[in-house]
2 protein chains.
Amino acid sequence: MRILPTVPVRGSPHAALPLRARDAQSGSCSGCSCGTTWLSSGLDDGDLGHLETVVSARRRVARGTMLFKAGDPFHAVYAVRSGCMKSVVTRKGGAEQVSGFYLVGELLGLDGMGRGRYDCSAIALEDSVVCVLPFPLVEQLAHERPSFQHRLYAVLSREISRNHNVMLLLGTMRAEERLAAFLLSLSSRLARRDHSPFEFSLRMTREDIGSYLGLTLETISRLFGRFRDAGLLEIDQRKVRIRDHAGLKALLSQDEALAG
Amino acid sequence: MRILPTVPVRGSPHAALPLRARDAQSGSCSGCSCGTTWLSSGLDDGDLGHLETVVSARRRVARGTMLFKAGDPFHAVYAVRSGCMKSVVTRKGGAEQVSGFYLVGELLGLDGMGRGRYDCSAIALEDSVVCVLPFPLVEQLAHERPSFQHRLYAVLSREISRNHNVMLLLGTMRAEERLAAFLLSLSSRLARRDHSPFEFSLRMTREDIGSYLGLTLETISRLFGRFRDAGLLEIDQRKVRIRDHAGLKALLSQDEALAG
DNA sequence: CGAATGTTTGATGGTCATCAATGTAGGTGG
DNA sequence: CCACCTACATTGATGACCATCAAACATTCG
């Protein structure tokens, strides 16, 4: 196996966590569950064993700071180990949009593979820790383990599918439906991580949500109010409690309900 | 090399073109330039040589018919050899949206790798021919040729980047900007295929364009009128002639122009 | 040629952005 | 501990932008 190129630490001045680096190099990364979500389903244990050799280090990202910036050279993919991140695309004109939120166990930075440069910036929504997966190593491991390879294709492709859903959301849904879809998606993603699907805390601001959904922060705020009044959910600042899951779902297929 | 699994022909009843199948199996696919666009840049000739072994067949797709349907099992990726295709995502509610247009030389079907099923349908905008790239073979070739592998990652990742741009478009641009962006993108993609960037013919209806841009067909029609009146372009039905390329570009960075 | 499909153009209104003002949490230093 | 400050959230008033509905026109195709 080729020697690990030291991963250049970029972006935030906080740098990598040196205290865990030795663990990582020895292949332990104990307690790091980052692999179990994005590559595990469908993998046998043998493949998971190899994943550890890819996790070369972890890195702490303080709230509000950038893990990487659009235009930075692409060296690694990251898995969120704790905390929460957002990715932001920027237009030449200067307009920005949140292009995704990344919860514990989810992967970010995949978009950088194409040009060799990240095309969006990653910013921590709260103090977070990510696992660094240097791309040359990912590539090599993929080459050695066909099932890992397959899994990697799947991850990339699923990112494309996810984007299709966002395009549908932005292109065809009205504000209410967008927020309902967003909340349901968040809920199910959290549920996958042994979190309650009905009670959680938003890590992002109304503005972030609005940007992601193509709406303004005021509209988001009003919608939360409307949802509360309709008995769909309770909301206190960022604490959300879903009261009527079915009701939220019903918002999505409204047109069908009327048509049928 | 493993034996080529016969590619199951799905979707349209038109099936594969038998007359060229022999060519393809012998590895010639003469005149098929589909590979030269999506995998060529940056590849040496040696790799291109291998591409031919992947192109197992071509398939004719009549205007308005489906190459594959959302939910169909994923077996192959397709490269447009002639004609033009669109992809369509469908919501459970029934709402549809055009998620992309594919010109000669471009790849479609990548989104199917994740779940093993296509998550959008591909429909021909005019009588078209596609090259069939059976996925097991693509995978195998990628495994054998690291540079091909790399190229494949790049293609997938670039699709993600492309989607980010569409999300930006749908999330932050107003109708005028969206159409300008669309026309400029089309223009530059055609230019890459030795086509004139200033004079071309739209293969899709106003409704398709509207769906893709998150607008209605009437809005598209009105915008074309406005662009014509502003001297930005000439348009006669589907024939477009760009008269003021800079003017179109200016529409995109409008806010910046005002801010700066 | 007729029928189907796609396009243009007009009138009207809904949805959501914008502007503006007030209210609330969370952190910091006196 | 309180006062303060900053960031975030709520709520209201107004109108822009674009969807919707409707009708006439053009083009393509069988």
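Convention: sequence-line order gives letters A, B, ...; per-chain numbering from 1. Atom set for the values below is all heavy atoms of this structure, side chains included, hydrogens, waters and symmetry mates excluded.
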Worksheet entry | Separation of D/dA19 P from B/Q97 CD (nearest whole Å) | 12 Å
Practice prompt. Please name all residues satisfying salt bridge (Lys or Arg N to Asp or Glu O under 4.0 Å) with A/E199, sequence neighbours left out, ordered by chain then number.
Written response: A/R241
Discussion item. Quick check on DNA chain C: between A/D236 and A/R226, whose nearest nucleotide comes earlier from the 5' end?
Written reply: A/R226
Discussion item. If you take the centroid of each ring, where Trp contributes its six-membered ring, are B/F68 and B/Y78 closer together than 6.0 Å?
Written reply: yes
Fill in: Nucleotide C/dT7, atom P - distance to CD1 of B/I209 in whole Å
8 Å
Worksheet item: Any Lys/Arg nitrogen of B/E106 or B/R162 sitting under 4.0 Å from an Asp/Glu carboxylate oxygen of the other?
Response: no
Worksheet entry | Between C1' of D/dC18 and CG of B/L179, the distance in whole Å | 14 Å
Side-chain donor-acceptor distances from residues 225-237 of chain A under 3.5 Å, at least two apart:
{"residue": "A/R226", "atom": "NH1", "partner": "A/E176", "partner atom": "OE2", "Å": "2.8"}
{"residue": "A/E234", "atom": "OE2", "partner": "A/R243", "partner atom": "NE", "Å": "2.6"}
{"residue": "A/E234", "atom": "OE2", "partner": "A/R243", "partner atom": "NH2", "Å": "3.0"}

Worksheet item: Looking for any heavy atom pair under 4.0 Å, which part of the strands does B/G214 touch: base, sugar-phosphate only, or nothing?
Response: sugar-phosphate
Item to complete: Taking all non-hydrogen atoms of both residues into account, name the closest pair between A/L215 and A/R178 and its distance.
Response: CD2-NH1, 4.0 Å
Can I get a per-line list of side-chain donor-acceptor pairs under 3.5 Å for residues 122-132 of chain B, giving both atom names and the distance, sequence neighbours left out?
{"residue": "B/E126", "atom": "OE2", "partner": "B/R203", "partner atom": "NE", "Å": "3.3"}
{"residue": "B/D127", "atom": "OD1", "partner": "B/R63", "partner atom": "N", "Å": "2.7"}
{"residue": "B/S128", "atom": "OG", "partner": "B/C84", "partner atom": "N", "Å": "3.1"}
{"residue": "B/S128", "atom": "OG", "partner": "B/C84", "partner atom": "O", "Å": "3.4"}
{"residue": "B/S128", "atom": "OG", "partner": "B/E126", "partner atom": "O", "Å": "2.7"}

Response to the item:
Letter by letter from the 5' end, nucleotides 6-13 of chain D scores (B base, S sugar-phosphate only, - none; protein heavy atoms under 4.0 Å) --SSBBBB
Fill in: Degree of bending in the helix from C/dC1-D/dG30 to C/dG30-D/dC1 once both end axes are built from five pairs, to 10°
40°
Discussion item. So, using salt bridge (Lys or Arg N to Asp or Glu O under 4.0 Å) as the criterion, who are the partners of B/R206 when residues are at least two apart?
Written reply: none
Fill in: N-O pairing of B/D208 and B/K86 below 4.0 Å
yes
Worksheet entry | Nearest-angstrom distance from the residue atom CZ of B/R203 to P of C/dG6 | 16 Å
Practice prompt. Return the value, rounded to whole Å, for the distance between atom CG of A/L215 and atom C1' of C/dT18.
Written response: 14 Å
Worksheet item: Atom CZ of A/R174 and atom P of C/dA17: how far apart are they, to the nearest Å?
Response: 13 Å
Practice prompt. For ring pair (Phe, Tyr, Trp, His ring centres under 6.0 Å), just list the numbers for A/F198 and A/H245, CA-CA rounded to whole Å, side-chain angles, deciding distance to a tenth of an Å, and then say yes or no.
Written response: CA-CA 8 Å; A/F198 299 122; A/H245 191 269; 5.8 Å; yes
